[in-house]
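So that we are looking at the same thing, I have put the structure below in structure tokens.
Worth saying up front: this structure is predicted, and the values here are computed from it rather than measured. Below, read A as the first sequence line, B as the second, and so on, with proteins coming before strands; counting in each chain starts at 1.
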Amino acid sequence: MDEELHEMVRAVVRRIPRGRVATYGDVADIARAPSPRLVGMVLNQDGLDLPWHRVLRANGTCAPHIADEQLQRLREEGVVADDGKVDLRKYRWEDAVKQKAEEPPALW
DNA sequence: CTGATGACTGAAA
DNA sequence: CTTTCAGCCATCA
């Protein structure tokens with residue numbers, strides 16, 4: 001098992017500010033996950049206690065099975081979804097870009 | 001070992 | 001706008 005990876009991903013997701021969102025790709029890069037798929041995998045297993053609703057796909061949509069609750073929760077934080085799609089240009093977690101650029105601590 | 005399967009993504013048609 | 005397709009990589013049968 002990749003305990004390391006799981007903890008890193010969880011740490012990153014916990015870091016996404018209220019009213020902001022990040023893509024699976026963003027989380028993967030920051031957490032140094034080998035692939036965005038793994039991020040989804042982690043959330044699927046240990047994501048229940050995390051703000052997983054702030055993680056969307058690269059195009060601003062969310063995975064079908066959870067879309068309903070996800071959009072609802074986001075709206076409670078002030079994130080507006082147009083036709084199930086969130087405007088990343090507006091709500092994307094800015095630090096995600098920085099974190100990727102620089103070299104964050106190996107452990108949080 | 002081989003093959004199928006995802007809370008994915010970017011490019012191409 | 002849509003669908004397809006090829007990469008992706010830990011997991012599981």
Side-chain angles (χ1 to χ4, degrees):
Chain A
M1 278 238 203
D2 290 320
E3 293 292 333
E4 191 73 45
L5 176 57
H6 277 232
E7 292 312 313
M8 282 302 290
V9 171
R10 289 166 55 77
V12 172
V13 174
R14 264 193 304 264
R15 227 158 220 235
I16 305 175
R18 220 189 162 213
R20 280 295 159 96
V21 300
T23 70
Y24 290 92
D26 287 340
V27 177
D29 290 338
I30 300 171
R32 285 162 179 51
S35 155
R37 277 189 179 281
L38 283 266
V39 174
M41 199 186 282
V42 170
L43 290 186
N44 191 31
Q45 296 169 27
D46 322 298
L48 296 182
D49 56 325
L50 298 169
W52 54 268
H53 54 276
R54 300 185 186 144
V55 182
L56 336 179
R57 298 202 229 176
N59 58 359
T61 65
C62 34
H65 46 281
I66 55 172
D68 262 32
E69 184 175 358
Q70 178 146 38
L71 293 176
Q72 184 184 325
R73 288 198 184 190
L74 284 176
R75 195 170 51 230
E76 288 176 23
E77 299 187 350
V79 178
V80 181
D82 165 48
D83 190 38
K85 287 167 263 174
V86 171
D87 187 343
L88 292 179
R89 296 176 307 181
K90 184 175 181 183
Y91 298 105
R92 187 178 196 187
W93 180 31
E94 302 296 345
D95 285 359
V97 185
K98 299 179 185 177
Q99 294 288 345
K100 285 194 287 188
E102 52 189 77
E103 187 159 332
L107 202 55
W108 275 323

Heavy-atom side-chain contact between A:Arg20 and A:Val79 under 4.5 Å: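 Sidechains of A:Val79 and A:Arg20: no contact.
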Residues A:Asp49, A:Arg10: salt bridge by 4.0 Å N-O rule: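 A:Arg10 and A:Asp49: salt-bridged.
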A:Arg54/A:Glu77 salt bridge by N-O under 4.0 Å criterion: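 So A:Glu77 pairs with A:Arg54 through a salt bridge.
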A:Arg73 CZ to B:dA7 P, straight-line distance once rounded to whole Å: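 Going from CZ in A:Arg73 over to P in B:dA7 covers 17 Å.
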Distance, C1' atom - from B:dA7 to C:dT2, rounded to whole angstrom: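 Roughly 22 Å separates the two C1' atoms.
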Shortest side-chain distance from A:Ser35, nucleotide among C:dC9, B:dT9, B:dA7: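 Minimum distance to the A:Ser35 side chain belongs to C:dC9.
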A:Asp68 atom CG, neighbour heavy-atom count above 12 within 6.0 Å: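 Count not over threshold, so no.
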d(NZ, A:Lys100; C1', B:dT9) in whole Å: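 Taking atom C1' of B:dT9 as the reference, NZ of A:Lys100 is at 12 Å.
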Closest heavy-atom pair and its distance - A:Gly84, A:Leu71: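 Result for this residue pair: CA-CD1, 3.8 Å.
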Selection: residues 40-56 of chain A, any non-hydrogen atom under 4.0 Å of DNA chain B: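 The answer is A:Gly40, A:Met41, A:Leu43, A:Asn44, A:Trp52.
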Shortest side-chain distance from A:Pro34, nucleotide among B:dT9, C:dA10, B:dA7: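 That would be C:dA10.
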Atom CZ of A:Arg75 with >12 non-hydrogen neighbours under 6.0 angstrom: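 Not more than 12 within 6.0 Å, no.
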Electrostatic pair A:Glu69:A:Arg73 at N-O distance under 4.0 angstrom: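 Result for this pair is yes, salt bridge flagged.
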DNA chain B stem ranges, 3 or more consecutive Watson-Crick or G-U pairs under 3.5 angstrom: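 Stem segments, range with range: B:2-6 with C:9-13, B:8-13 with C:2-7.
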Selection: residues 79-97 of chain A, any non-hydrogen atom under 4.0 Å of DNA chain B: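 None - not one residue of the stretch has a heavy atom sitting under 4.0 Å from the strand.
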Length of the CZ-P vector between A:Arg32 and C:dC9, whole Å: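 Nearest whole value for this atom pair: 16 Å.
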Salt-bridge present (A:Lys85, A:Asp82; N to O < 4.0 Å):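 A:Asp82 and A:Lys85: not salt-bridged.
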A:Tyr24 OH to C:dA10 P, straight-line distance once rounded to whole Å: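 Computing the A:Tyr24:OH to C:dA10:P distance gives 18 Å.
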Interatomic distance where CZ belongs to A:Arg57 and C1' belongs to B:dG6 [whole Å]: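 Taking atom C1' of B:dG6 as the reference, CZ of A:Arg57 is at 11 Å.
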Separation of atom CG in A:Asp29 from atom C1' in B:dG10, rounded to whole Å: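 Answer to the nearest Å: 13 Å.
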Lys/Arg-Asp/Glu bridge criterion (N-O < 4.0 Å) met for A:Asp26, A:Arg92: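 A:Arg92 and A:Asp26: salt-bridged.
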Close side-chain approach of A:Leu74 and A:Val86, heavy atoms under 4.5 Å: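 The answer is yes, as the side chains (C-beta and beyond) meet within the 4.5 Å cut-off.
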Residue pair A:Arg57 / A:Thr23, side-chain heavy-atom distance below 4.5 Å: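 The answer is no, as the side chains (C-beta and beyond) never meet within the 4.5 Å cut-off.
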Out of B:dT9, C:dA10, B:dA7, whichever nucleotide has its closest atom nearest the side chain of A:Leu38: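 Of the options given, the side chain of A:Leu38 lies nearest C:dA10.
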